[in-house]
Amino acid sequence: MSFKERVYSLLRKVPKGKVVTYGQLAKMAGKPRAARAIGVFMRINPDAPRTPCHRVVASDGSLTGYSAQGGVKKKKRMLVEEGVFFIKDKVDLAKSCLNNRYTFTS
DNA sequence: AAAATGACGGTGT
DNA sequence: TACACCGCCATTT
């Protein structure tokens with residue numbers, strides 16, 4: 001299983017109403033410094049409906065991108081729809097950031 | 001094998 | 001708060 005696949009499977013476990021940062025995903029998948037590479041994985045997300053790539057935000061809570069129709073604007077709308085807290089156009093990480101740990105084998 | 005490609009993150013101004 | 005810089009990295013050419 002490639003690093004990319006691990007990231008995707010972890011992302012699929014992020015519950016609605018919560019978000020995770022690229023850096024956290026990287027750490028969970030076992031490569032703390034691979035946040036940037038993960039950004040690429042999201043961009044080329046092959047299975048958009050099944051993988052909630054809209055729940056991935058930057059470390060400061062800003063929405064840095066969304067390749068699907070609508071761009072970041074659509075992304076924010078989806079998150080608000082799910083109940084994620086916002087402060088202007090940034091996610092309120094203190095309230096909506098996933099801080100629990102998800103494992104591969106769980 | 002080497003270079004290019006980004007939806008990053010931390011630091012400094 | 002906001003930029004610009006720069007180091008990092010898996011994947012694909």
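Just so it is clear: chains get the letters A, B, ... in the order the sequence lines come, proteins before strands, and each one is counted from 1. Computed from heavy atoms alone, side chains included, the values below leave out hydrogens, waters and symmetry copies. Predicted model, so just to flag it, every value in this text is computed and none were measured.
Proximity note for A:Lys90 (side chain, C-beta onward) versus C:dA2, B:dA7, C:dT11: the nearest is C:dA2. Of the listed nucleotides (B:dC8, B:dG6, C:dT11), B:dG6 has the atom at the smallest distance from the side chain of A:Val40. Distances were taken from every side-chain heavy atom of A:Lys31 (C-beta onward) to each of C:dA10, B:dC8, B:dG6; the shortest belongs to C:dA10. Comparing B:dG6, B:dG9, C:dC8 by their closest approach to the side chain of A:Tyr22 singles out B:dG9. Checking B:dA7, C:dC8, C:dA10 against the side-chain heavy atoms of A:Arg33 singles out C:dC8 as nearest. With distances taken from any side-chain atom of A:Met42 to the nucleotides C:dC9, C:dT11, B:dA7, the minimum falls on B:dA7.
Note: CZ (A:Phe3) to C1' (B:dC8) measures 12 Å, nearest angstrom. Atom pair A:Ile44:CD1 and B:dA4:C1' shows a separation of 14 Å (rounding to whole Å applied). Between A:Gln24 atom CD and B:dA7 atom P there is a gap of 20 Å when expressed in whole angstrom units. Distance, A:Lys27 NZ to B:dG9 P: 13 Å, rounded to whole Å. In this structure, A:Ile38 places its CD1 atom 21 Å from P of B:dT5, rounding to the nearest Å. When the P atom of C:dA10 is taken as reference, atom CZ of A:Arg43 falls 19 Å away, rounded to whole Å.
For the OP1/OP2 pair of B:dG10 and a distance below 4.0 Å, the side-chain nitrogens and oxygens of A:Ser59 include at least one atom meeting the criterion. Contact between the side-chain N/O atoms of A:Lys75 and the OP1/OP2 oxygens of B:dA7 is not found at any separation under 4.0 Å. Regarding contacts with the backbone of C:dC9, every side-chain N or O of A:Lys4 stays at 4.0 angstrom or more from both OP1 and OP2. The side chain of A:Thr21 contributes no N or O atom lying less than 4.0 Å from OP1 or OP2 of B:dC8.
For B:dA7, the base has no donor-acceptor partner in the side chain of A:Tyr66 [N/O atoms by modelled type, under 3.5 angstrom]. Judged by distance alone, with hydrogens and angles left aside, A:Arg36 brings a side-chain donor or acceptor within reach of the base of C:dG7, the pair sitting under 3.5 Å.
Distance check: A:Tyr66 OH to A:Lys75 NZ gives 8.5 Å after rounding to the nearest 0.5 Å. For the atom pair OH of A:Tyr22 and OG1 of A:Thr64, the computed distance is 3.5 Å after rounding to the nearest 0.5 Å.
A cation-pi arrangement is present between A:Lys31 and A:Phe3, with the terminal nitrogen or guanidinium carbon under 6.0 Å from the aromatic centre and inside a 45° cone about the axis.
Salt bridge A:Lys18/A:Glu82: absent, no basic N to carboxylate O contact under 4.0 Å.
Within 4.0 Å of A:Ala35, counting heavy atoms only, lie sugar-phosphate atoms of the nucleic acid but no base atom.
In this structure, A:Ser9 contributes its side chain and A:Glu5 its backbone to a donor-acceptor pair below 3.5 Å.
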